[in-house]
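What you see is a predicted model, and the numbers here were worked out from it, not measured in a lab.
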Amino acid sequence: MRTTLLAATLVAAMPGMTLQVVAWQGTARAQTAPAPRASQTISDGVVRLGFLLDMSGPYADVTGPGSAAAARMAVEDFGGTVLGAPVEVVVADHQNKPDIAATTARAWFDTGGVDAILDVAASATALAAADIAKAKNKVIVFNGPGAVRLTNEACSPVSVHWAYDTYALANSTAQATVKAGGDSWFFVTADYAFGHDLERDAGAVVKANGGTVRGAVRVPLNTADFSSYLLQAQGSGAKVVGLANAGADTTNAIKQAAEFGLTQGGQKLAGLLVYISDVHSLGLKATQGMLLTEGFYWDLNDETRAWSKRYFDRVGKMPNMSQAGVYSTVMHYLKAVRKAGTDETAPVMQAMRDMPVDDFYARGGRIREDGRMVHDMYLFEVKTPEESKGPWDLYKRVATVPGDKAFQPLSASRCPLVKK
């Protein structure tokens with residue numbers, strides 16, 4: 001297997017602004033897909049897969065280059081072509097700005113020949129790109145963002161939410177924390193769609209299990225100084241400080257909470273979206289005993305270990321659930337194109353819904369009518385330094401949450417596509 005770097009070009013994204021887009025194509029010595037039949041059509045002779053990621057901002061470590069690498073691994077493993085056409089990966093940095101995400105998605109679909117966008121990092125940018133995909137009738141899949149509204153008010157016939165969402169995180173982590181005695185909460189919340197949804201969903205779970213919410217504070221994205229927000233959390237007297245944020249915002253909040261002595265004073269931190277890279281960066285001393293929910297862990301079984309080792313050899317770190325989800329998404333999409341015999345949106349989406357997701361990421365996963373890919377989630381507890389046997393041996397599994405219990409039931413859906 002070999003890969004070829006095609007181009008790195010500067011594309012005008014908006015007046016007075018440029019956007020770096022990198023295109024990459026995988027080729028293989030051996031063709032694994034069947035020879036194309038006359039009825040099989042690829043729109044312009046190339047299947048182009050777009051990824052709108054945070055390549056340099058607060059979510060770069062949990063999406064960014066790692067997600068791009070996972071996408072390229074999937075293309076290589078698929079054989080580099082589908083229906084006789086080469087597969088190309090196109091990556092852009094949206095800088096966490098919804099207008100850039102929307103403009104780039106529109107340009108990709110209108111003139112860039114992109115057939116599908118298979119991830120958009122962060123919820124606000126994902127919602128913006130989702131509107132464009134719906135208008136252009138193009139497939140769009142989400143692994144990095146968590147806002148549950150992507151399968152509720154913002155659902156569409158062409159969108160799929162793959163890795164996790166705020167409902168699943170809250171349903172597992174918040175419920176377990178309340179049952180362990182953490183029955184009063186104060187939220188430190190990222191001030192955009194994802195944070196708002198996560199606070200709302202976690203707060204509902206806390207109250208449903210007999211707990212109380214003593215307050216919340218909204219924090220701008222990419223905040224460096226959490227002191228004033230943590231003081232409000234400290235002053236609330238809540239047993240649990242729920243961190244409804246992600247990426248660098250989460251790690252900064254946890255570091256500064258330790259400096260302020262929150263945990264020493266008896267309060268507990270609940271990281272509602274904590275990635276393995278966050279725990280690795282912070283260290284077990286700072287994170288030991290923390291409960292968290294993920295849809296994937298590299299050390300779950302032989303299959304996850306084998307794939308994760310290959311990923312580690314390429315990237316230099318273990319994958320998180322969003323990055324592993326990108327690989328799963330790309331493989332599923334390419335299988336759907338092969339089954340449909342075309343890259344046209346409607347038959348590809350139908351094939352994606354008809355086929356189960358059955359790989360190292362999800363066993364028996366399925367895409368519902370609201371676009372939710374339903375699969376098992378896992379409640380983990382962070383190990384103590386004494387329990388860990390190596391740099392990435394960080395979690396012990398507390399519970400497996402079946403997909404139909406982890407995610408919002410269709411009976412509660414606000415998606416207009418769902419038949420009540």
So how far is it from [X] [atom1] to [Y] [atom2], rounded to the nearest 0.5 Å?
X	Y	atom1	atom2	value
T384	E381	OG1	CD	9.0 Å
Q323	T63	CD	OG1	7.5 Å
F186	L262	CZ	CG	10.5 Å
R372	C415	CZ	SG	12.5 Å
M321	N143	CE	CG	9.5 Å
S172	L379	OG	CG	6.0 Å

Can you find a pair of side-chain heavy atoms, one from [X] and one from [Y], that are under 4.5 Å apart?
X	Y	answer
V279	L292	yes
I117	F51	no
H280	L394	yes
M352	V141	yes
R414	Q408	yes
D165	D197	no
D370	L410	yes
L272	L243	no

Looking only at the side chains, is there a donor atom on one of [X] and [Y] sitting less than 3.5 Å from an acceptor on the other?
X	Y	result
Q256	N252	no
N245	T250	yes
D93	S56	yes
T166	D201	yes

Can you give me the closest heavy-atom contact between [X] and [Y], atom names plus distance?
X	Y	value
P58	N96	CD-ND2, 3.5 Å
D54	Y59	OD2-N, 2.7 Å
G195	T189	O-CG2, 3.2 Å
V188	A233	CG2-CB, 4.4 Å
S328	D359	OG-OD2, 2.7 Å
P220	D249	O-OD2, 4.5 Å

If you measure from the Lys or Arg side-chain nitrogens to the Asp or Glu carboxylate oxygens, is any gap between D376 and R363 under 4.0 Å?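 So D376 does not pair with R363 through a salt bridge.
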I'd like to know if D131 and K134 make a salt bridge, using a cut-off of under 4.0 Å between side-chain N and carboxylate O. no
Please determine whether the number of non-hydrogen atoms from other residues, nucleotides or ligands lying under 6.0 Å from atom [atom1] of [X] exceeds 12.
X	atom1	answer
K207	NZ	no
K138	NZ	yes
R366	CZ	no

With no hydrogens and no angle check, is any side-chain donor or acceptor of [X] less than 3.5 Å from a backbone partner on [Y]?
X	Y	value
T304	W298	yes
S308	R305	no
D119	F142	no
T251	A248	yes
T103	I100	no
Y167	L198	no
R353	R368	yes
D278	V274	no
H94	A121	yes
S281	S277	no

Among residues at least two apart in sequence or on other chains, which ones pass salt bridge (Lys or Arg N to Asp or Glu O under 4.0 Å) with [X]?
X	result
E199	R218
E344	none
D191	none
R310	D77

Please test L334 against R338 for side-chain contact (heavy atoms from CB on, under 4.5 Å), starting from the C-alpha separation and ending with a verdict. CA-CA 6 Å; L334 293 176; R338 185 169 62 192; over 6 Å; no
When you look at S43 and D343, which way does the side-chain hydrogen bond (donor to acceptor under 3.5 Å, both in side chains) test go after all the steps? CA-CA 7 Å; S43 54; D343 60 355; 2.9 Å; yes
Walk me through it: do N137 and T345 pass the test side-chain hydrogen bond (donor to acceptor under 3.5 Å, both in side chains)? CA-CA 7 Å; N137 191 35; T345 296; 4.6 Å; no
As a quick check of understanding, evaluate side-chain contact (heavy atoms from CB on, under 4.5 Å) for I42 and T342, giving each step before the final call. CA-CA 5 Å; I42 297 298; T342 179; 5.9 Å; no
ring-ring contact (aromatic ring centres under 6.0 Å, His included) partners for F187, two or more places apart: W185
Quick one: sort the F296 and W307 rings into parallel, tilted or perpendicular, breaks at 30° and 60°.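 Ring orientation, 0 to 90° scale: perpendicular.
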Result for side chain to side chain donor-acceptor pair (under 3.5 Å) between E294 and one of Y395, Y378, Y275 points to Y395
As a quick check of understanding, evaluate side-chain contact (heavy atoms from CB on, under 4.5 Å) for V330 and L49, giving each step before the final call. CA-CA 8 Å; V330 172; L49 310 178; 3.9 Å; yes
Where do S413 and N152 land on the side-chain contact (heavy atoms from CB on, under 4.5 Å) test, with the steps shown first? CA-CA 6 Å; S413 176; N152 280 278; 4.0 Å; yes
Check whether the ring centres of [X] and [Y] lie less than 6.0 Å apart, and answer yes or no.
X	Y	value
H332	W162	yes
Y361	Y327	no
F407	Y164	no

Listed once per pair and sorted, the ring-ring contact (aromatic ring centres under 6.0 Å, His included) pairs that draw on residues 122-141, sequence neighbours left out: none
